[in-house]
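Here the structure is laid out as structure tokens; the discussion comes afterwards.
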Amino acid sequence: MEEIKKVRGFQDIYGENAEKYRYIVNTARKIFDKYNFKEIILPYVEDVSLFIRSVGEETDIVQKEMYTFKDKGGREIALRPEGTASVVRAYIENRIFAEGGYHKFFYEGAMFRYERPQAGRYRQFHQIGAELFGINNPLSDVEIISLVKDILDVLKIDTRLEINTLGSFEDRKIYIEELRKYLSEKKENLCEDCKKRLEKNPLRVLDCKVESCKDETKEAPKLYEYLSETSIKRYEEVKKYLKALDINFVENPRLVRGLDYYTDTVFEFITDKIGAQGTVAAGGRYDKLVEQLGGPPTPAVGFAAGIERLMLLVDELPQGEDLIAVIPINDEFNLLALKVANKLRKENLKVELILKTGSLKSKMKVANKLKSSYVIFVSDSYELKDMLTGSQIKYEDLNILVQTLKNS
RNA sequence: GAGGGUGUAGCUCAGUUGGCAGAGCACGAGGUUGUGGCCCUCGGGGUCGCGGGUUCAAGUCCCGUCACCCUCCCCA
């Protein structure tokens, strides 16, 4: 029979990688809880038009990376390529805004993009993210950045934080026109990609890596020259708060982000340690998106982090609970060993009943390989062996043995 | 979507001008008939990614294909 292989760009996460995955998600969940963000569990599929209207019709994500299909009712469906659009849709559709005040959500799960697989880049990848709706002050930007920073710190992941401001929606509109005018005159010197970008999204020309493009943009109009008073002021506030929290950052005026919905503050946490795909977490404000998707004008800010990329940077897992191996010395004591194992589990201990039959030696090898901290030999009595020291004590009464283990 | 690299045992890899498919680790049994790690002995394991071609003969040469890795692009 021919072996069936996994689909290109997809992966099985198991063993140590699965532990890393859980560790990252659990850590993030704890921090989300500390910041009092509430979980929102969202569909993995959405109407295609949701992403066209939020992420942007001209973006690569929408143009060539979405998994789309028609369902049996003829609906145009997409596997979600990112999380923010769905949270915004849910916020509007469920009239969450009607409760007044502001709202904080986090999510976790798979995203899908049909891209060329690479280190730290898969067609199904997983993100954790958070969104904050209904507040537009700089405090909310910093709250999100601080939240991401806390997660990375607990995971002991070292990154560089880059920030920038894109200005308000109106500021940016004026600036983009000016930039387009300026670059159109230099069009001949731009790379092929940038010629296209000039039409679709001139901002992206600013972070092109081609030398000739870099030269041409040096003298180009600067975004900060077009920022309104309010935008400048809020950007200064954001920087002030970050400094006050001892969160180091570098300003990168070329940081523009690839999704259309961002406004004002944008940020990326970047590492050099995992190759070309160095952005580990990123986000920013999107004050116009809720409105664009049919909701009431609602400012918002959020972020997303790639779990696979975080996994590449986590090299130390926290030590787990001690494992206790229960070994019947021969088949005669199998039933008793089963009972002992279950009793210990009810006492909230972590137990591996050694299922392998055969010599005691081979059972011990299994216990050793599983990194058991203790072994209990079950016969007419119970012998507790400490696997680190090798010392062994005999117990007649199982309850006393249990108490000893629980106190250790 | 474009360019480059790599596919041989469970893992990491060697394999010369084309001439019997290899090592280390891992795994199994034993060395101790009731005790792991270190050491020793023995053992099981392969469609050489897949398909085609050249040849007396292909892991090795040629073509195609798939997967992974890297770069560009894009992004988390």
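Naming: A, B, ... by sequence-line order, numbering from 1 per chain.
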**Asked** Rounding to the closest angstrom, what is the interatomic distance between B:G44 and B:A29 at atom C1'?
**Response** 10 Å

Atom pairs, protein N/O to nucleotides 64-69 of chain B N/O, distance under 3.5 Å:
from: B:C68; atom 1: OP1; to: A:Gly9; atom 2: N; distance (Å): 3.2
from: B:C68; atom 1: OP2; to: A:Arg8; atom 2: NH1; distance (Å): 2.6

**Request:** Determine the contact category for A:Glu65: base if any of its heavy atoms lies under 4.0 Å from a base atom, sugar-phosphate if only primed atoms, P, OP1 or OP2 are that close, otherwise nothing.
**Result:** sugar-phosphate

**Message:** Within this structure, what is the OG1-CZ distance for the pair A:Thr159 and A:Arg309, rounded to the nearest 0.5 Å?
**Reply:** 13.5 Å

**Message:** By the definition side-chain hydrogen bond (donor to acceptor under 3.5 Å, both in side chains), identify the one residue from A:Ser408, A:Ser372, A:Ser373 that meets it with A:Asp322.
**Reply:** A:Ser373

**Asked** Centre of A:Phe10's six-membered ring, under 6.0 Å away, within 45 degrees of the axis: is that where NZ or CZ of A:Arg123 sits?
**Response** no

**Asked** With both distances under 3.5 Å as the test, what is the Watson-Crick or G-U wobble partner of B:C56?
**Response** B:G19

**Request:** Check the distance between B:U35's P and A:Met364's CE and give it to me in whole angstrom.
**Result:** 10 Å

**Message:** Between B:G51 and B:U8, how far apart are the two P atoms, rounded to whole Å?
**Reply:** 15 Å

**Item:** Atom pair CG/CD of A:Asp380 and A:Glu332 - distance to nearest 0.5 Å
**Value:** 7.5 Å

**Request:** In whole angstrom, give the distance that lies between atom CE of A:Met387 and atom C1' of B:U35.
**Result:** 9 Å

**Asked** For B:A26, does OP1 or OP2 lie under 4.0 Å from any side-chain N or O of A:Lys365?
**Response** no

**Request:** Send over the distance from A:Leu360 CG to B:G31 P, rounded to a whole Å.
**Result:** 13 Å

**Item:** Any donor-acceptor N or O pair under 3.5 Å, side chains A:Glu46, A:Ser86
**Value:** yes

**Request:** Assign A:Gly390 to base, sugar-phosphate, or nothing according to its heavy-atom contacts below 4.0 angstrom with the strands shown.
**Result:** base

**Asked** What residue among A:Ile145, A:Val238, A:Ile163 forms side-chain contact (heavy atoms from CB on, under 4.5 Å) with A:Phe249?
**Response** A:Ile163

**Asked** What about A:Lys361: does its side chain form a donor-acceptor pair under 3.5 Å with the base of B:U35?
**Response** no

**Asked** Does the A:Asn407 side chain pair with the main chain of A:Gln403, one donor and one acceptor, at a distance under 3.5 Å?
**Response** yes

**Prompt:** Picking from B:U35, B:A29, B:C27, which would you name as closest to the side chain of A:Lys369?
**Reply:** B:C27

**Request:** Scan every strand shown for a Watson-Crick or G-U wobble partner of B:A29, both distances under 3.5 Å, and answer none if you come up empty.
**Result:** B:U41

**Prompt:** Taking the same atom, C1', in B:C62 and in B:G1, what whole-Å distance lies between them?
**Reply:** 28 Å

**Request:** Rounded to the nearest angstrom, tell me the gap between atom CD1 in A:Ile393 and atom C1' in B:U35.
**Result:** 16 Å

**Request:** Please test A:Asn334 against A:Lys339 for side chain to side chain donor-acceptor pair (under 3.5 Å), starting from the C-alpha separation and ending with a verdict.
**Result:** CA-CA 9 Å; A:Asn334 282 352; A:Lys339 285 181 177 169; over 6 Å; no

**Asked** A:Glu383 versus A:Tyr395: any side-chain heavy-atom pair under 4.5 Å?
**Response** no

**Asked** If we take the P atom in both B:C40 and B:U60, what is their distance in whole Å?
**Response** 36 Å

**Asked** Rounded to the nearest Å, what distance is computed from the CD atom of residue A:Glu162 to the C1' atom of nucleotide B:A76?
**Response** 15 Å

**Rounded interatomic separation in angstrom, taking CD from A:Gln124 and C1' from B:A76** = 14 Å

**Item:** Length of the CG-P vector between A:Asn368 and B:G28, whole Å
**Value:** 12 Å

**Asked** How would you label the contact of A:Phe377 with the nucleic acid (heavy atoms, under 4.0 Å): base, sugar-phosphate, or nothing?
**Response** base

**Prompt:** Could you give the CG-to-C1' distance, from A:Leu313 to B:A76, as a whole number of Å?
**Reply:** 12 Å

**Prompt:** Given the C1' atoms of B:G10 and B:C73, what is the spacing between them in whole Å?
**Reply:** 37 Å

**Asked** With sugar-phosphate meaning primed atoms plus P, OP1 and OP2, does A:Glu308 contact a base, only sugar-phosphate, or nothing at under 4.0 Å between heavy atoms?
**Response** nothing

**Message:** What's the gap between B:C70 and B:U65 when it is taken at their P atoms, as a whole Å value?
**Reply:** 23 Å

**Message:** Just to be sure I understand the rule, does A:Lys356 reach a base, reach only the sugar-phosphate, or reach nothing, if contact means heavy atoms closer than 4.0 Å?
**Reply:** sugar-phosphate

**Request:** Looking at every strand, decide which applies to A:Ala282 at a 4.0 Å heavy-atom threshold: base, sugar-phosphate, or nothing.
**Result:** sugar-phosphate

**Asked** What are the residues of residues 125-132 of chain A, sorted by number, that bring a heavy atom to within less than 4.0 Å of RNA chain B?
**Response** A:Phe125, A:Gln127

